[in-house]
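Here the structure comes first, spelled out in structure tokens, and everything after it is commentary.
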Amino acid sequence: MKRKMMIALLMAASLCTVSVPVIAQETAGTQEAAQTEETAEAQETAVAENTEEAQPADPHASTTLSDNIYDFQLKMGDDICQFPMTYEAFTALGWQLSGVEEDESVPSNSYYMIDFEKEGLRIGAEAINLGINQTPVSQCLIGSVTVDASSSYGVDLSKMPVELAGGIQMGTSTVDDIKAAYGDPSDVYEGDYYTQMTYSKDTYERVELYVYKDDNTLKKVDVRNFSEPEDFEKGEVDTSTPDVVSEYQAPQELGSDMLDPVVEYCGDLYQLPAPVSAFEANGWVIQDAAEDAYVEVGGLEFIDMMKNNQSVRFSIYNKTSNAVTLSNCFVTELEVGNYDSDSLSLKLSGGFTLGASKSDLMAAAQEKGYLYDEENGYLTIYESEDTKIDTRAQFWFNEDEDPDTAAAVTYKNYNLQ
């Protein structure tokens, strides 16, 4: 099964191999002394046009294999690839996506494990989305490849030779050859069947080399570079109001159950998650945010909002499939404590608020069949272990002053209804 993984990422160069013809120019000695200005201009124009036509599609393209392992290059057959590279450039080399559709979506700042096939050969890869919007695999970058010649499942090196920086070749190079080319690795793991040598520049910038002990040759390579290319375009922010925001309706009353998503905050009713725009409609104003501020898909941001001279920091989430403005994000958690101003208040469904007794809260949880934990002065109430992370009511008790009376109330609901 393919897996989508969330990550925090940065990024650097992308491409494939294109040759650039040399433009021959006559020397001044062979030119006619009486060459007209018009002829000279025409020649300059022709040279400029030919040079432009000869440029590779990707400015980072390479025709020779580097000696630096941290250029993250790999030569497979006659093709030199440098990662990350575009999906389009990679598939132009004849590699075809296997086992998943090109329109499979990848969240922002995520990678997706995929496979490619070419002429009966198979390699693993990771499609990475470094943009601010959800995007299909076909519009991702290929951030890594894994070439495995240790079994019949992967690559037959007699059909497709594989070479790395510094002339290191799969199926031939040894541990000593690799050290001679790159120096001592960042990390070494001695397994029963192979020696794994890792050359690491950063968390998501590394090359792993597997030298198998049966013949002391390199049979598996994993090249990964998730750094952002200099010319990478992250995408556009959706400034329209998403349906999930426009469809939100403020509730009319509190529920009877403390885990109901309806809460009363500073005198107004909200159903969490509630869009930031719902708070703005009740008089809250975003403070000190850039005019073009946005939150990427699945992203979290912290903003300050003010009402009646009270400033509160909110954590907001983008729960849409595009990068959106702050107003179109969602508040999923609210908290008020007796250390806050009296102008701030929070009441949960069921009427629970500051000053609630621990025994009453436990009794209410037991009546509903809910679970609860007590730890470090906190009483956390939730429906099940599976829902605890996303939906819960939490009460803090100041054990030094009054261990039985709630001194802070927090309610969280991450799931849209």
Side-chain angles (χ1 to χ4, degrees), residues 6 8 250-276 278-279 284 298-305 307 310-319 329-417:
M6 297 299 294
Q252 300 300 307
E253 59 183 4
L254 290 171
S256 59
D257 184 335
M258 74 169 69
L259 293 186
D260 285 346
V262 178
V263 299
E264 181 184 299
Y265 184 66
C266 298
D268 298 305
L269 294 174
Y270 301 93
Q271 177 167 305
L272 300 187
V276 172
F279 289 80
W284 289 92
L300 163 68
E301 189 59 74
F302 297 94
I303 61 172
D304 292 321
M305 299 186 74
K307 179 181 178 180
Q310 299 298 319
S311 183
V312 176
R313 171 150 290 196
F314 293 82
S315 56
I316 61 173
Y317 291 84
N318 179 0
K319 300 181 77 64
C329 291
F330 283 79
V331 174
T332 64
E333 184 173 355
L334 293 169
E335 176 184 358
V336 168
N338 59 11
Y339 38 76
D340 291 315
S341 166
D342 292 340
S343 297
L344 300 177
S345 62
L346 175 62
K347 182 185 293 185
L348 308 190
S349 287
F352 296 100
T353 186
L354 289 178
S357 73
K358 183 182 293 187
S359 58
D360 287 345
L361 293 168
M362 289 180 173
Q366 291 170 347
E367 181 180 350
K368 293 291 186 178
Y370 294 153
L371 304 177
Y372 58 84
D373 296 330
E374 287 188 87
E375 186 176 3
N376 298 326
Y378 287 92
L379 173 66
T380 305
I381 300 173
Y382 49 97
E383 186 173 355
S384 69
E385 291 292 345
D386 293 336
T387 65
K388 180 179 181 180
I389 293 178
D390 291 338
T391 306
R392 63 179 181 264
Q394 190 171 66
F395 305 86
W396 175 67
F397 299 86
N398 189 333
E399 297 179 350
D400 293 332
E401 295 183 5
D402 188 346
D404 297 316
T405 301
V409 178
T410 305
Y411 179 80
K412 176 181 180 179
N413 184 36
Y414 184 80
N415 300 312
L416 288 169
Q417 302 301 302

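For the salt bridge (Lys or Arg N to Asp or Glu O under 4.0 Å) test, residues two or more places apart in sequence or in another chain that qualify with K388 are D373. In this structure E374 satisfies the salt bridge (Lys or Arg N to Asp or Glu O under 4.0 Å) test together with K358, sequence neighbours excluded. Scored by the side-chain contact (heavy atoms from CB on, under 4.5 Å) test, P403 finds E399 as partners (sequence neighbours excluded). For F314, the ring pair (Phe, Tyr, Trp, His ring centres under 6.0 Å) partners at least two apart in sequence or on another chain are F279, W284. Every residue two or more places apart in sequence or in another chain was checked for a side chain to side chain donor-acceptor pair (under 3.5 Å) with S256, and none qualifies. Remark: Y317 engages Y414 in a ring pair (Phe, Tyr, Trp, His ring centres under 6.0 Å) (not counting sequence neighbours). For D257, the side-chain contact (heavy atoms from CB on, under 4.5 Å) partners are L259, D260, K368, Y370, not counting sequence neighbours. Taking D390 as the reference, nothing meets the salt bridge (Lys or Arg N to Asp or Glu O under 4.0 Å) condition, with sequence neighbours excluded. Shown here are the salt bridge (Lys or Arg N to Asp or Glu O under 4.0 Å) partners of K319, two or more places apart in sequence or in another chain: there are none. The side-chain contact (heavy atoms from CB on, under 4.5 Å) search around S341 returns Q310, S343, not counting sequence neighbours. Scanning for side-chain contact (heavy atoms from CB on, under 4.5 Å) contacts around T405 gives D402, with sequence neighbours left out. By the side chain to side chain donor-acceptor pair (under 3.5 Å) test, Q366 is found to be paired with Y372, residues two or more places apart in sequence or in another chain being considered.
Note that OH of Y411 and CD of E333 are 11.0 Å apart. Values are rounded to the nearest 0.5 Å. Rounded to the nearest 0.5 Å, atoms CE (M362) and CG (L379) are 5.0 Å apart. Of the inter-residue distances, the one linking L334 atom CG with L344 atom CG reads 10.5 Å to the nearest 0.5 angstrom.
The shortest side-chain heavy-atom distance between F330 and L416 falls under the 4.5 Å cut-off. Proximity of T353 to S345: side-chain heavy atoms (C-beta onward) are nowhere separated by under 4.5 Å. Between I381 and F352 there is no side-chain heavy-atom pair separated by less than 4.5 Å. For the pair E264/L254, a side-chain contact is recorded, criterion being any heavy-atom separation below 4.5 Å from C-beta on. Proximity of W396 to T410: side-chain heavy atoms (C-beta onward) are nowhere separated by under 4.5 Å.
Of all heavy-atom pairs between T391 and N415, the closest is OG1-ND2, 3.9 Å. When every heavy atom of T380 is checked against every heavy atom of Q394, the shortest pair comes out as OG1-NE2, 2.8 Å. The shortest non-hydrogen separation linking A393 to L348 is CB-CD1, 3.9 Å.
Between the side chain of T332 and the backbone N or O of N413, no donor-acceptor pair lies under 3.5 Å. Under the 3.5 Å distance criterion, the side-chain polar atoms of S349 are matched with a main-chain donor or acceptor of V262.
In Q252, the CD atom is not crowded: 12 or fewer heavy atoms of neighbouring residues, nucleotides or ligands sit closer than 6.0 Å. By the neighbour-count criterion of 12 heavy atoms within 6.0 Å, atom NZ of K347 is sparsely surrounded, having that number or fewer from other residues, nucleotides or ligands.
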Verify side-chain contact (heavy atoms from CB on, under 4.5 Å) between L361 and F397, making sure each step is shown before the conclusion.
CA-CA 12 Å; L361 293 168; F397 299 86; 3.9 Å; yes
Assess whether side-chain contact (heavy atoms from CB on, under 4.5 Å) is satisfied between K307 and D268, documenting all intermediate values.
CA-CA 12 Å; K307 179 181 178 180; D268 298 305; 3.0 Å; yes
Under the side-chain contact (heavy atoms from CB on, under 4.5 Å) rule, what do L272 and Y265 come out as? Steps first, then yes or no, please.
CA-CA 11 Å; L272 300 187; Y265 184 66; over 6 Å; no
